[in-house]
Amino acid sequence: MLRTHQAGILRAGDIGTTVTLTGWVDRRRDHGGVAFLDLRDSSGIVQVVVRDEEVAHPLRSEFVLQVTGEISARPEGNANPNLGTGEIEVIANEVLVLNESAPLPFQVSTAIDAQVTVGEEVRLAHRYLDLRRPGPASAIRLRSQVNRAARTVLDEAGFVEIETPTLTRSTPEGARDFVVPARLAPGSWYALPQSPQLFKQLLMVAGMERYYQIARCYRDEDFRADRQPEFTQLDVEMSFVDQDDVIALAEQILISLWKLIGYEITAPIPRMTYADAMRRYGTDKPDLRFGLELVELTDYFADTPFRVFQAPYVGAVVMPGGGSQPRRQFDAWQEWAKQRGAKGLAYVTVAEDGELGGPVAKNLSEAERAGLVEAVGAQPGDCVFFAAGKQSESRALLGAARLEIGRRQELIDESAWSFVWVVDAPLFKPTGEDDDVAVGGGAWTAVHHAFTSPTPEWIDTFESDPGSALAYAYDIVCNGNEIGGGSIRIHRKDVQQRVFEVMGIGQEEAEEKFGFLLEAFSYGAPPHGGIAFGWDRIVALLSRADSIRDVIAFPKSGGGYDPLTGAPAPISPQQRKEAGVDAKPEPKGEAQAPAPAQ
RNA sequence: GGCCCCGUAGCUCAGUUGGUUAGAGCGCCGCCCUGUCACGGCGGAGGCCGCCGGUUCAAGUCCGGUCGGGGUCGCCA
């Protein structure tokens, strides 16, 4: 080793020791006759005193040094309480420049971090400099701990870590695939997996019984703060289990993860049905850090004279203290609602004397006005927002309004952790956006994915009422974020075929797309199920990061662009030719992709 | 694909009703400085105001388009 100690761990107890340190010049304070260097390595910072002006003068920020010297107590009154090493300093008797540094695109030293935030674009373009800073670095280090903690739980529970292919076959449904040309089969393409879903099920057929993988997944979709084209899941699958077994294991994992940041999750984590979540919070991922539940008023307004409320669903959410908002603020709420595709957001204010105000109030009947405050649970000074129309759309709007109210009124305890399992989701949803599609129209698609089993109660009867059939699936939600989800899978070929039928996937199509899986299932597939955790999102939550970009070593920016490498980039004509990108598939007939190996 | 916000020095930003030579802090370069820790002092360099077009006597500023970034809705089984 080029060093004997790490800089950041030196303490008063080390006084008198001669050490050799290596690291970067964080800052330099040159007084002519004496110079102070803040030497930084991964453990922290220590002050180095250089008395030789010739040595100290040419040093610059981020030069890489090897310093040998004696640990010494700082002179009386010169301690720095902001540094762990603030009691001591290293009196250098040898300073070797291991490498120089060009002037920096941004300041790496975080001494002034509180005042200046560097833009994300430039940080990502020089991510290797960004990661020298303790804040960004700590997120990446936490991620390593998170991986280790999960592996420990799973290893102790007898799981086998198995890698699955990243060059695989494009499967229908779901997100857009990233595709890779196959040089040896021009015109044919691999797809990068959206998740290891099919492989992990095959591993259950293979008798591995307990599988996990920290798996990279790829989806060619548009961006969000919490979405990257490549992202990571902790992927888990188990044989001979039911829902409670998977949930119990998942809770063990979550407990060990949150323990890393000193939070104790109390198990069992509460469960809520999907129907309840939608009814009370207007979303399948409710943020339970605050109350403010939606109030269903369809019956209350059953005979209303107000046309807008003559709708299949009427609901409301209360904004505490919202009654005193100025008119333009309410106009802003209308705009907010319109941006989410709603016609508007009706509201009623409740004055301190209980009098109702706002443009909607006068449209209500006497009786409706009289009972409204009690019906919605409002207080004087509040306002009540209403949504009326289709149930799903109205609830979604109210659910979004609830979150917005929570944020604006600071009802959310940002230090809280609130976990909930959302269970009993529907198995199917109507295809297309219109949820009024008549049952029996035949157009159903899987809510989760095509291999999710119906719950035991529905397994024999789901065809009779696909819209009501429940899936044997579960999502784990933390502070309004879905951080994982899974299901018990279908392991019987006949059930699988019936599910395909409801979804309108014919036998031929099923054979072509999932033939290898269906065949595997014909050889004694064990009952199995599993879960996948959104690893980036979990680490982002644990590190209190705003974006998953903060917990990915080299994230992409908008448009899938990597500001560091410049990927994606054009390829040469030679590469195009070799890769077979431009190969024209032969017309139909035998040109079909070869059947999976039998 | 729709909508919103942002593009001015290496970084973070200011820039008046359109009006002389576009500023500040930090950083950078040079000199000075023996107890600093966001050290300090003196001096200096550094700008296609994202790009293209328009309006105007005159555009960083107004208008249209475009590119890039961020957010959001659609989308993401």
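Note that the coordinates shown come from a computational prediction; the quantities given were computed from them, not determined experimentally. Residue numbers begin at 1 in each chain, while the letters A, B, ... track the order of the sequences.
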Partner nucleotide, any strand, of B/G27 [Watson-Crick/G-U, under 3.5 Å]: none

If you restrict it to nitrogen or oxygen atoms, what contacts under 3.5 Å exist between nucleotides 2-7 of chain B and the protein, and what is each distance?
{"unit_1": "B/C3", "atom_1": "O2'", "unit_2": "A/Gln339", "atom_2": "NE2", "d": "3.1"}

How about OH on A/Tyr190, more than 12 heavy atoms from neighbouring residues, nucleotides or ligands closer than 6.0 Å, or not? no

Indicate, with a heavy-atom threshold strictly under 4.0 Å, whether A/Ala473 touches base, sugar-phosphate, or nothing. nothing

Check whether any side-chain heavy atom of A/Lys556 sits under 4.5 Å from a side-chain heavy atom of A/Tyr561, and report yes or no. no

Base, sugar-phosphate, or nothing for A/Gln228, non-hydrogen atoms under 4.0 angstrom? nothing

B/G47 -> Watson-Crick or G-U wobble partner, both distances under 3.5 Å, gives none

B/U36, OP1 or OP2 - any side-chain N/O from A/Arg28 closer than 4.0 Å? no

Under 5.5 Å between ring centres and under 30° between planes: does that hold for A/His31 against the base of B/C39? yes

Give me the residues of residues 329-337 of chain A where at least one heavy atom lies under 4.0 Å from an atom of RNA chain B, by number, or none. none

With a 3.5 Å cut-off and no angle check, do the side chains of A/Gln213 and A/Thr164 form a donor-acceptor pair? yes

For A/Arg340, which contact category applies under a 4.0 Å heavy-atom criterion: base, sugar-phosphate, or nothing? sugar-phosphate

Side-chain polar contacts of residues 75-82 of chain A - donor-acceptor pairs under 3.5 angstrom, sequence neighbours left out - could you list them?
{"unit_1": "A/Asn80", "atom_1": "OD1", "unit_2": "A/Asn82", "atom_2": "N", "d": "2.9"}
{"unit_1": "A/Asn80", "atom_1": "OD1", "unit_2": "A/Asn82", "atom_2": "ND2", "d": "3.4"}

For the rings on A/Phe514 and A/Phe451, is their centre-to-centre separation under 6.0 Å? yes

Identify whether any heavy atom of A/Glu121 sits under 4.0 Å from a base atom; if not, whether one sits that close to sugar-phosphate; answer base, sugar-phosphate or nothing. sugar-phosphate

Stacking check: are the rings of A/Phe106 and B/C11 less than 5.5 Å apart at their centres and under 30 degrees in tilt? no

Counting the atoms with a prime plus P, OP1 and OP2 as sugar-phosphate, which does A/Ser487 contact under 4.0 Å by heavy atoms, base, sugar-phosphate, or nothing? nothing

How many angstroms lie between CG in A/Leu564 and CZ in A/Arg127, if you round to the nearest 0.5 Å? 9.5 Å

By the 4.0 Å heavy-atom rule, please label A/Arg549 as base, sugar-phosphate, or nothing. sugar-phosphate

Taking the inter-plane angle between the rings of A/Phe385 and A/Trp333 on a 0 to 90° scale, is it parallel (under 30°), tilted (30 to 60°) or perpendicular (over 60°)? tilted

If you count the non-hydrogen atoms of other residues, nucleotides and ligands that lie under 6.0 Å from CD in A/Gln507, is the total more than 12? no

Is the phosphate of B/C32, meaning OP1 or OP2, less than 4.0 Å from a side-chain N or O of A/His57? no

Heavy atoms under 4.0 Å, any strand shown: does A/Gly86 hit a base, just sugar-phosphate, or nothing? nothing

Please work out if A/Asp30 contacts a base, only the sugar-phosphate, or nothing of the nucleic acid, heavy-atom cut-off 4.0 Å. base

Should A/Asp226 and A/Arg224 count as an ion pair when the cut-off is N to O under 4.0 Å? no

Sugar-phosphate, base or nothing in reach of A/Pro75, heavy atoms under 4.0 Å: base

According to the Watson-Crick and G-U wobble definitions, with both distances under 3.5 Å, which nucleotide is paired to B/C75? none

Establish, with yes or no, whether the OP1 or OP2 oxygen of B/G30 is under 4.0 angstrom from a side-chain nitrogen or oxygen of A/Arg60. yes

When the P atoms of B/U20 and B/G30 are compared, how many Å lie between them, rounded to an integer? 36 Å

So which heavy atom on A/Ile548 is nearest to which on A/Gln228, and how close? CD1-CG, 3.7 Å

